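Below is one structure, written out as structure tokens; comments come after it.
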Amino acid sequence: MKVKVSVPKGTRDFTPDVMLKRKYIFDTLEKNFRLFGYVPIETPALENLSTLLGKYGEEGDKLLFKILNSGLDNKIENKEIKDISNKGLRYDLTVPFARYVVQHRNEIIFPFKRYQIQPVWRADKPQKGRYREFYQCDIDVIGSNSLLNEVELILIINRVFSQLGINVTIKLNNRKILAGIAQKINAPEKLTDITIAIDKIEKIGLEKVKNELAQRGLSKEQIDELEPVLTLEGSNLEKTAFLKTYLEGIEEGEKGLEELLFVMDTLRETFPAVYNLIEFDTSLARGLNYYTGAILEVKANDVAIGSICGGGRYDNLTGIFGMDNVSGVGISFGADRIYDVMEQLNLFGNVADVPAKVLFINFGNEYLPHIYGYSETLRENGISNIIYPDNVKLKKQFDYANKNKIPFVIIIGENEVNNNTVALKNMQTGEQLELTLLQAIETIKND
RNA sequence: GUGGGCUUAGUUCAGUUUGGUUAGAACGCCAGAUUGUGGCUCUGGAGGUCACCGGUUCAAGUCCGGUAGUCCACCCCA
């Protein structure tokens with residue numbers, strides 16, 4: 001009987017051609033992380049629910065995949081959720097990393113620079129560029145307050161995306177500036193409402209944002225005072241100049257502005273090309289509420305898709321696990337979205353690899369001793385090869401080479417064994433030569 | 001969580017408007033023409049409980065309801 005098979009909602013299989021492209025992205029990321037001295041860690045797919053709950057806001061808690069305790073299959077009726085589930089799938093890599101730091105604090109050498117490339121799970125409703133299982137590629141520096149870390153993260157972003165061929169804009173803001181603005185209009189407790197509303201300015205326009213702010217309990221006067229921030233335009237320098245006056249006397253806001261300026265000035269002076277990608281954007285808020293300083297988000301210039309990388313500074317993430325005063329800053333690359341962007345812009349080019357360079361034709365077991373010897377010699381020369389496992393019609397074997405885009409076929413039969421040669425056929429040109437093994441290796445290497 | 005579109009062969013899709021005998025095409029797959037030479041061509045073949053469950057009807061791929069999946073927008077996010 002035929003069974004209907006499928007993967008669960010919002011998850012995907014990755015076929016070999018897709019995997020080869022994904023690996024190219026992961027390799028590019030990893031290579032650059034290593035160049036800046038980050039070391040890898042991994043954490044379990046499962047975390048205790050107590051680790052995860054309450055870290056992502058109300059919305060995040062709803063999107064957590066909770067795991068049924070084992071051995072309870074038939075007993076779940078009339079039980080509270082907390083009784084039947086005390087584990088969940090990780091929602092991101094940052095919170096598990098905070099847990100990791102607290103748990104391993106005695107072995108870790110601070111400042112600790114780690115990278116982590118693993119899937120995360122969210123019970124979101126899937127749509128374009130949004131999956132229930134997707135990979136995050138995180139780098140964080142923990143145990144250092146220096147703003148040089150922020151600068152470094154931007155340099156890494158630049159290297160990665162220029163190597164991948166994606167034109168990006170790096171949007172930059174600072175949570176302290178947002179807090180300062182909220183103080184300026186006498187609504188510090190409305191910080192979250194304000195950021196959620198102004199985050200939408202590009203999408204829905206000024207008037208609707210003002211309506212939303214009113215709905216969220218801001219007075220007419222407060223909204224009027226906020227308006228110059230909402231409509232703020234111009235170069236980075238013009239914007240910061242405005243805020244310098246606007247936030248004068250508000251300590252937290254001034255501090256945020258100072259931090260932002262340090263990062264931007266450092267880049268402008270030493271990496272002007274990178275600085276050109278930076279856009280100070282007061283409407284950048286980012287949902288997660290654990291950020292305290294710099295926040296940044298990377299957008300692809302040529303494709304309409306959500307952000308492909310984002311992050312920021314969190315002064316006290318480990319505080320929720322009882323370890324205070326450890327500041328961290330990090331970013332997360334969204335590999336799946338980067339893939340979608342590159343696919344849309346046709347940036348993979350010749351990344352896709354072939355399974356092997358050479359296919360050995362199978363004429364029967366009597367030739368195997370020769371073929372095995374040759375095959376090993378090719379491998380020692382770094383040439384990947386496949387011996388066709390069945391002695392079937394040549395048409396089928398050649399077909400196999402064609403379909404897999406294997407560029408060379410080697411035929412060894414009676415003639416070749418007698419002459420101590422191989423017949424090397426180039427599948428693109430159709431040219432076939434009788435050569436010694438060494439000549440064949442040279443030909444393949446020169447291809 | 002809210003709203004909308006879609007679901008027919010391995011794949012991409014016709015057919016649904018106006019219910020009516022045996023549901024089609026292209027590509028792919030298998031075999032042969034061609035047993036030491038692939039791509040092209042020709043011939044033949046296999047492959048569908050029309051997503052699932054129920055309803056209306058003499059009759060449902062076609063109409064109605066529900067469920068699931070998928071895509072899109074919103075919310076939120078990578």
Side-chain angles (χ1 to χ4, degrees), chain A residues 1-12 15 25 29 56-64 90-94 117-138 192 195-197 199-200 203-204 208 212 284-289 296-300 304-312 330-341 359 361-364 367 388 391-417 422-434:
Chain A
M1 180 175 150
K2 223 180 216 177
V3 185
K4 204 147 246 179
V5 293
S6 70
V7 295
K9 182 188 198 141
T11 66
R12 298 152 296 159
T15 55
I25 294 173
L29 289 167
Y56 310 104
E58 219 176 299
E59 197 75 25
D61 282 356
K62 272 191 276 180
L63 297 179
L64 272 176
R90 75 167 98 79
Y91 180 88
D92 71 358
L93 300 180
T94 308
I117 299 177
Q118 288 192 280
V120 303
W121 294 269
R122 295 182 189 179
D124 226 332
K125 200 166 170 180
Q127 54 176 276
K128 184 149 201 79
R130 176 182 299 184
Y131 309 99
R132 289 187 145 190
E133 178 186 64
F134 62 96
Y135 273 75
Q136 287 192 336
C137 313
D138 274 33
T192 312
T195 54
I196 287 173
D199 190 32
K200 295 179 186 166
K203 248 183 197 169
I204 62 176
K208 284 186 179 171
E212 185 159 343
L284 173 63
R286 290 192 62 78
L288 299 177
N289 40 23
L296 66 89
E297 196 165 282
V298 181
K299 298 210 112 180
I305 196 165
S307 66
I308 53 179
C309 176
I331 50 172
S332 178
F333 291 82
D336 302 79
R337 283 190 179 171
I338 293 172
Y339 179 95
D340 290 347
V341 168
L359 177 75
I361 294 291
N362 185 327
F363 273 136
Y367 302 103
Y388 198 88
N391 177 10
V392 295
K393 290 201 309 195
L394 282 182
K395 178 183 166 64
K396 210 170 159 60
Q397 302 193 39
F398 274 94
D399 225 34
Y400 184 81
N402 270 333
K403 283 178 183 154
N404 282 301
K405 301 192 165 64
I406 297 171
F408 291 99
V409 166
I410 289 182
I411 303 154
I412 294 158
E414 210 181 332
N415 300 339
E416 289 78 14
V417 169
V422 302
L424 178 72
K425 179 162 180 140
N426 180 322
M427 292 301 280
Q428 273 118 60
T429 63
E431 182 188 35
Q432 182 170 328
L433 299 167
E434 192 170 338

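Here the structure is a predicted model, which is why all the values come from computation and not from measurement. Naming: A, B, ... by sequence-line order, numbering from 1 per chain. When reading the values below, keep in mind they use all heavy atoms of this one structure, side chains included, and skip hydrogens, waters and symmetry mates.
Separation of the P atoms belonging to B:A51 and B:C13 is 15 Å when rounded to the nearest angstrom. Rounded to whole Å, the separation between the C1' atoms of B:G61 and B:G20 comes to 13 Å. For B:A73 and B:G66, the C1' atoms lie 24 Å apart once the distance is rounded to whole Å. Straight-line distance between the C1' atoms of B:U56 and B:G19: roughly 12 Å, to the nearest whole Å. Going from the P atom of B:U70 to that of B:U11 covers 15 Å, rounded to whole Å.
As the counterpart of B:U12, B:A25 is assigned, both hydrogen-bonding distances of the Watson-Crick or G-U wobble pattern falling under 3.5 Å.
By the 5.5 angstrom centroid cut-off and the 30-degree plane limit, A:F134 is classified as stacked against the base of B:A78.
With the nearest nucleotide of RNA chain B identified for both A:E416 and A:Q428, A:E416 has the one nearer the 5' end.
Here B:A78 is the nucleotide among B:C72, B:A78, B:G36 with the atom lying nearest to any side-chain atom of A:R337. Closest approach to the A:K425 side chain among B:G36, B:A78, B:G38 is made by B:G38 (side chain taken as heavy atoms from C-beta onward).
A donor N or O paired with an acceptor N or O is found under 3.5 Å between the base of B:U2 and the side-chain atoms of A:K125.
Taking atom CZ of A:R132 as the reference point, atom P of B:C71 lies 12 Å away to the nearest angstrom.
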